[in-house]
Every structure is written in structure tokens, then in C-alpha cells.
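Please read the structure below before turning to the comments.
Residue numbers start from 1 in every chain, and the chains themselves are labelled A, B, ... in the order their sequence lines are given, proteins ahead of strands.
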Amino acid sequence: MKIEEVLKNGTEGMEVEIKGWVYRWRESGKIIFVIVRDSTDIIQVVISKSDVNDEDFKHAKNANIESSVVVRGVLRKDERAPTGFEILASSFKLIGKSENFPIYKDQSDEYLLDIRHLWLRSREMNAILKIRATSFYKLHEFFHNEGYYEVQAPMFVSNAVEGGSTLFEVPYFGRKAYLTQSSQFYLETFIFSLENVYTVAPSFRAEKSRTRRHLTEFWHCEAEAAWLSNEDIMKFEEKMITYIVDGILENNTKELKLLNRDISMLEKVKPPFDRLKYEDVIKIGQNVGLDIDYGSDLGADEEHAITKKFEKPTFVVNYPKKLKPFYHRPDPDNPDVVLNHDLLAPEGYGEIIGGGERIWDYNELIQRMKEENLNPNDYGWYIDLRKYGSVPHSGFGLGIDRFIWWVAGLEHIKYAIPYPRNIRRVTP
RNA sequence: GCCGCCGUAGCUUAGCCGGUGGAGCGCCCGGCUGUUAACCGGGAGGUCGUCGGUUCGAACCCGACCGGCGGCGCCA
């Protein structure tokens with residue numbers, strides 16, 4: 001039986017067998033207390049010398065922390081047991097003895113990252129990994145329910161999406177290739193076949209960022225939809241975020257509590273989310289004393305000031321054209337701003353989604369590229385899409401690790417992903 | 001790219017104005033039939049990041065280098 005099932009359905013006097021790993025071990029002469037963990041929970045096992053044979057008692061004596069064990073015994077309620085029940089062992093088998101485990105109290109964060117392959121066993125990582133699994137599952141389920149097709153774009157690419165120097169260059173049979181920084185341009189190609197598409201894949205950014213919200217390799221959920229406007233896609237996103245948060249509240253309250261997450265903040269996540277215009281955000285920033293003017297990009301201080309004021313995720317829309325990449329469609333009523341949006345997570349977490357309506361007119365796209373000093377010849381197939389029955393369309397990219405970082409209430413994004421990659425770390 | 005900070009035992013660290021290093025946890029040995037990151041007794045473990053300088057004397061002062069961390073910018 002799984003430990004969770006024992007704790008939930010077990011009755012006093014019931015005979016149970018559990019398999020797991022030693023989480024805590026204490027000896028007091030002829031009685032040994034072993035707390036066993038499996039993927040689901042922990043339970044105390046009591047091994048009395050008088051209740052088991054000599055061989056099993058020796059097994060229990062040698063079962064140091066992280067040894068794998070199989071235990072059989074009778075279930076008993078006891079207030080002294082950490083999860084309410086304990087097993088009085090009648091049989092205790094040591095399956096795989098552990099060497100001295102390198103993790104105990106007083107560990108630095110960096111040391112735990114160095115031995116992340118072992119730290120994954122911790123209750124904290126176990127909880128985060130479960131929340132992560134729910135997030136991915138619910139994302140796929142949501143897109144499926146909404147009639148979107150999952151597609152796959154290449155990770156090796158030959159040009160940039162945004163034209164920066166943020167690409168990882170890799171040798172490619174005598175040529176240069178790059179690791180993709182976004183699948184957006186490829187997704188735009190799929191809408192002419194499938195109309196509504198999404199992908200979940202890593203994106204790579206070679207930026208030398210040293211912040212609590214950046215990774216060089218992150219999980220990116222991107223979607224693109226024919227015929228949808230910026231407002232349409234925002235409605236889709238607020239429904240999507242709500243759906244995943246609901247799924248986590250439904251399946252992972254135990255994990256959120258273990259992480260000391262304030263669940264009431266997540267229960268507030270319901271549509272509609274506020275839409276703030278960029279120009280209004282600038283005014284809010286100025287009112288709280290930030291040194292910004294219209295035309296300044298919104299930095300960490302600004303995002304922090306804004307997201308602290310809001311209890312729900314909040315859209316910021318209509319950025320100045322100059323601050324955003326060329327493919328965003330300028331607002332026909334005010335061509336200085338684009339029909340875009342960022343979604344900022346509350347409680348100071350900041351941007352988790354960026355998206356908007358794409359330029360779908362051929363001439364307008366070429367003109368915007370020239371304004372940004374980009375060479376249209378570098379974007380041949382992307383421009384091609386505007387030649388053969390182009391359609392209005394919108395899309396977005398969600399940083400899944402950032403989403404988990406916020407939902408789980410973590411200090412740093414590196415705790416949201418099992419094997420974080422940043423400017424200095426590529427192991428384990 | 002810019003701005004700060006830090007390297008002392010396996011881990012977390014104390015060490016003021018310079019006088020050859022202490023602790024907690026972990027580890028090893030022993031004890032305990034109700035422990036809760038137990039307790040009690042004993043033990044091992046350190047060229048104080050590296051190199052150079054000042055000094056009678058450097059973990060401590062100075063310089064260079066190496067390694068690491070945090071924040072900003074950039075973005076998801």
C-alpha cells in the first residue's frame with residue numbers, strides 16, 4: 001500500500017505492507033523508530049526487539065537514512081506518531097542500504113543545487129514536482145478541451161525570433177545553428193493548417209541574467225490562434241490560468257500547505273483580470289515615486305510596485321511600439337502603441353505571459369522591419385505567411401517555470417524546475 | 001554589461017584592535033523499550049580559496065588572481 005492510502009483508509013489493527021525509504025531513524029536500546037517515506041507521504045514504523053526476529057531487528061538497526069525498506073505490520077493510531085498512525089513492525093526488510101546521506105540540516109541553497117539529484121527526494125521538492133506535474137497536465141487538458149492542436153517546432157533553428165544576441169550558437173555540420181528562444185514563428189505557420197495550435201517545449205536564452213526570475217533553459221507554453229484579436233486571446237489566457245490554478249487547488253492543497261503557500265491568494269484567481277494600459281501603469285509608478293516617464297520600459301521595480309497593488313494577475317496592454325518586437329501589430333487607432341499584453345502575476349512576481357496580435361499584412365510587416373533596421377531577407381519564410389491568404393491572428397508565450405514559481409510561492413525560480421540552468425550552472 | 005557581497009572541518013558557522021583556531025550538526029565506537037531534526041559517554045576530522053607583500057609574528061592588514069552569491073539591465 002501507498003502510505004497516503006494507509007493514512008486515509010487505514011483502521012486500527014489492520015495488517016499493512018509498505019515500501020519506501022528511511023526518512024528519519026532513531027534508536028533507543030531495544031526499540032527503533034523509523035519514519036518511512038514513499039512518493040505519497042510519511043509514516044512512523046516501530047520495531048521492538050520483542051516483536052521481530054533477530055535478523056529483522058538487525059535490518060532495522062542497519063537501515064540508515066535513505067535506505068530502501070519493505071515493512072509489514074499492524075497499524076495503530078498514536079498521537080506521538082508524526083502523521084497520526086504508526087506501524088508496529090512484524091517484519092522489517094532492508095532492501096538497499098544507503099551510504100551516509102549528504103543532506104541534513106544547515107545546508108546552503110547552492111550545495112543543495114549541487115546535489116539536486118538527491119535533493120529531489122526532499123518533501124519540499126516532492127511537493128514542487130507534484131505541483132509542476134499538475135500544471136503541465138492541466139495545461140494540456142485545457143488546450144485539448146478548447147479544441148487546440150498540440151504541435152512540435154524544432155529546437156535547432158537558423159535565425160532569431162527577436163533579433164537580439166540572446167541565442168546559444170551550436171556547431172551544426174560545419175554551419176552555425178542556434179537553440180530556439182521561442183517557437184512563436186513556427187506556430188504561426190501551423191495556424192494556416194490547424195487554426196488553433198499550442199506547444200510545450202524548452203526555450204533557450206543566452207542572456208547573462210542574474211535574477212530570481214531567469215533561467216537560460218525554461219519551459220515555454222506557446223499558443224497561436226487564427227482570427228483572434230488581442231482581447232480574444234487575453235480572455236483565453238485568463239480562463240487558462242484560472243483553469244490550471246483551480247486544478248492545483250483541487251489536487252495539491254497538501255503540497256501547497258507543506259510549502260507554506262497562502263492558499264487564499266490563489267483562490268482569488270478568477271476572471272476577469274484587470275487590463276491596465278501601459279500609460280496608466282506609468283502614472284501608477286509615478287504616484288508611488290518611481291523615476292519613469294512615458295517611453296520607459298517597465299523594469300523590476302515598476303513590476304514590483306504594480307503587482308504588489310493587485311491581488312489577481314493583471315494584464316498590461318498597449319505598450320509603445322518602440323519597446324516591443326517588430327511583429328506586434330500597431331493599434332490602428334493609435335499607431336504609436338501595439339496591440340499586445342503582458343500578464344503580471346500578483347504578490348510581486350511579475351511577468352509570466354507575453355503576447356498579442358501579430359502583424360498579418362504583408363506591407364505593414366515589411367515597413368515595421370525596416371523601421372527596426374531588420375533585413376527582410378533574414379525572415380523569408382515568416383514573411384511568406386503574409387502572402388498566401390493571411391489572416392488576423394494572436395498568440396502568447398507562458399513561462400511555465402515562472403507560473404509554478406508564483407503559484408507555489410517560491411523565493412527563486414530555480415526552485416521551480418528540477419534541474420535549473422542559469423548563467424553559471426549546467427550541472428547536475 | 002553594470003553595482004554590491006562572500007571564501008575557516010563533510011555541512012552551517014564563531015573568531016573585536018594581528019599573538020599558530022572554537023562550536024553546532026554530520027561521521028565512528030558504546031549505552032538506553034516511546035523517540036519526534038531524541039538523549040547520555042567517548043573519538044576522529046582544519047596547509048583558515050591560491051599566490052605574493054607588510055610584520056618578530058597573519059584566518060585577521062595590503063595587493064593580485066581563482067571560485068561563488070545577491071541585485072539591476074534584458075525577458076517568459
Legend entry - Protein-nucleotide distance (A:N100, atom CG; B:C11, atom P), rounded to Å: 14 Å

Legend entry - Any A:I87 side-chain heavy atom under 4.5 Å of A:I18 side chain: yes

Inset, instruction - Take the protein atom CZ of A:R24 and the nucleotide atom C1' of B:G34, then report the distance between them rounded to whole Å. - result: 18 Å

Inset, instruction - Step through the shown structure and confirm whether more than 12 heavy atoms of other residues, nucleotides or ligands are within 6.0 Å of CD on A:E99. - result: no

Legend entry - Rounded distance in Å - CZ (A:F136) to C1' (B:A76): 13 Å

Inset, instruction - Take atom C1' in B:G45 and the same atom in B:G53, then report the distance between them in whole Å. - result: 32 Å

Inset, instruction - Assess the pair A:Y198 and A:Y148: is the distance between their ring centroids shorter than 6.0 Å? - result: no

Legend entry - Sugar-phosphate, base or nothing in reach of A:H214, heavy atoms under 4.0 Å: base

Inset, instruction - For B:G10 versus B:G42, give the span between their P atoms, rounded off to a whole number of Å. - result: 24 Å

Inset, instruction - Starting from C1' on B:G67, measure out to CZ on A:R210 and report it in whole angstrom. - result: 12 Å

Inset, instruction - Name the nucleic acid region contacted by A:E79, choosing base, sugar-phosphate or nothing; use a 4.0 angstrom heavy-atom cut-off, strictly under. - result: nothing

Legend entry - Residues A:K8 and A:E5 bridged, charged N to O under 4.0 Å: no

Inset, instruction - Answer yes or no for this row: A:F33 ring on B:G34 base, centroids under 5.5 Å, planes under 30°. - result: no

Inset, instruction - Kindly say whether, by distance alone, the side chain of A:S209 makes a donor-acceptor pair under 3.5 Å with the base of B:C75? - result: no

Legend entry - Under-4.0 Å salt bridge between A:D41 and A:R123: yes

Inset, instruction - Could you check whether A:D78 gets within reach of a base, just the sugar-phosphate, or nothing at all, counting any heavy atom under 4.0 Å? - result: base

Legend entry - Base B:G34 paired with A:E27 side chain (donor-acceptor, <3.5 Å): no

Legend entry - Presence of salt bridge, A:D336 and A:K322, under 4.0 angstrom: no

Legend entry - Candidate nucleotides B:U35, B:G71, B:G34, ranked by approach to the side chain of A:E86 - the nearest: B:G34

Legend entry - RNA chain B: 5'-proximal contact among A:W219 and A:R425 (nearest heavy atom): A:R425

Inset, instruction - Take atom P in B:A59 and the same atom in B:U47, then report the distance between them in whole Å. - result: 13 Å

Legend entry - Under 3.5 Å on both distances, the Watson-Crick or G-U partner of B:A9: none

Inset, instruction - For A:F101, look at atom CZ and say whether over 12 heavy atoms of other residues, nucleotides or ligands are found less than 6.0 Å away. - result: yes

Inset, instruction - Using both distances under 3.5 Å as the test, list the Watson-Crick or G-U wobble partner of B:C61, or none. - result: B:G53

Inset, instruction - Check the distance between B:C27's P and A:W25's CH2 and give it to me in whole angstrom. - result: 10 Å

Inset, instruction - Mind calculating the distance between CZ (A:F168) and C1' (B:C75) to the nearest angstrom? - result: 13 Å

Legend entry - Nearest-Å distance once atom C1' is located in both B:G19 and B:C5: 30 Å

Legend entry - Rounded distance in Å between the C1' positions of B:C61 and B:G73: 36 Å

Inset, instruction - For A:I352, report the nucleic acid contact type (base, sugar-phosphate, nothing); a contact means any heavy atom under 4.0 Å. - result: sugar-phosphate

Legend entry - First encountered from the 5' end of RNA chain B, between A:Y111 and A:I413: A:Y111

Legend entry - Out of B:G34, B:C75, B:A76, whichever nucleotide has its closest atom nearest the side chain of A:R80: B:G34

Inset, instruction - Classify the side chain of A:R205 versus the base of B:A76 as yes if they form a donor-acceptor pair under 3.5 Å and no if they do not. - result: yes

Inset, instruction - Remember a base hit wins even if backbone is also touched, and classify A:S203 as base, sugar-phosphate or nothing at under 4.0 Å, heavy atoms. - result: nothing

Inset, instruction - Tell me what A:K414 touches on the nucleic acid: a base, only sugar-phosphate, or nothing, going by heavy atoms under 4.0 Å. - result: sugar-phosphate

Inset, instruction - Identify whether any heavy atom of A:K49 sits under 4.0 Å from a base atom; if not, whether one sits that close to sugar-phosphate; answer base, sugar-phosphate or nothing. - result: nothing

Legend entry - Closest to side chain of A:K208, choosing from B:G34, B:A76, B:G1: B:G1

Legend entry - Who pairs with B:G4 - Watson-Crick or G-U, where each distance is under 3.5 Å: B:C69

Inset, instruction - Could you work out which one of B:G73, B:G1, B:U12 sits closest to the side chain of A:T211? - result: B:G73

Legend entry - Distance-only donor-acceptor test (3.5 Å): side chain A:R402, base B:C75: yes

Inset, instruction - Report which part of the nucleic acid A:R212 touches: base, sugar-phosphate, or nothing (heavy-atom distance under 4.0 Å, all strands). - result: sugar-phosphate

Legend entry - Atom P, compared across B:C17 and B:A76: separation rounded to whole Å: 49 Å

Inset, instruction - Would you mind classifying the nucleic acid contact of A:L215 as base, sugar-phosphate or nothing, using non-hydrogen atoms under 4.0 angstrom? - result: base

Inset, instruction - May I ask you to decide whether A:R425 forms a salt bridge with A:D114, counting only side-chain N to carboxylate O separations under 4.0 Å? - result: yes

Inset, instruction - Select base, sugar-phosphate, or nothing to describe what A:R76 touches, counting heavy atoms under 4.0 Å on all strands. - result: base

Legend entry - Euclidean distance, atom CD1 of residue A:I31 to atom P of B:G31 [Å, nearest integer]: 17 Å

Legend entry - P gap between B:U8 and B:C48, integer Å: 11 Å

Legend entry - Watson-Crick or G-U counterpart of B:U35, or none if no pair lies under 3.5 Å: none

Inset, instruction - In whole angstrom, give me the gap between the P atoms of B:U33 and B:G43. - result: 25 Å

Inset, instruction - Please check if the distance between the ring centroids of A:Y111 and A:W119 is under 6.0 Å. - result: no

Legend entry - Euclidean distance, atom CD1 of residue A:I42 to atom C1' of B:A37 [Å, nearest integer]: 12 Å

Inset, instruction - For A:E222, answer base if it contacts any base atom (sugar-phosphate contacts may also be present), sugar-phosphate if it contacts only those atoms, and nothing otherwise; contact means non-hydrogen atoms under 4.0 Å. - result: nothing

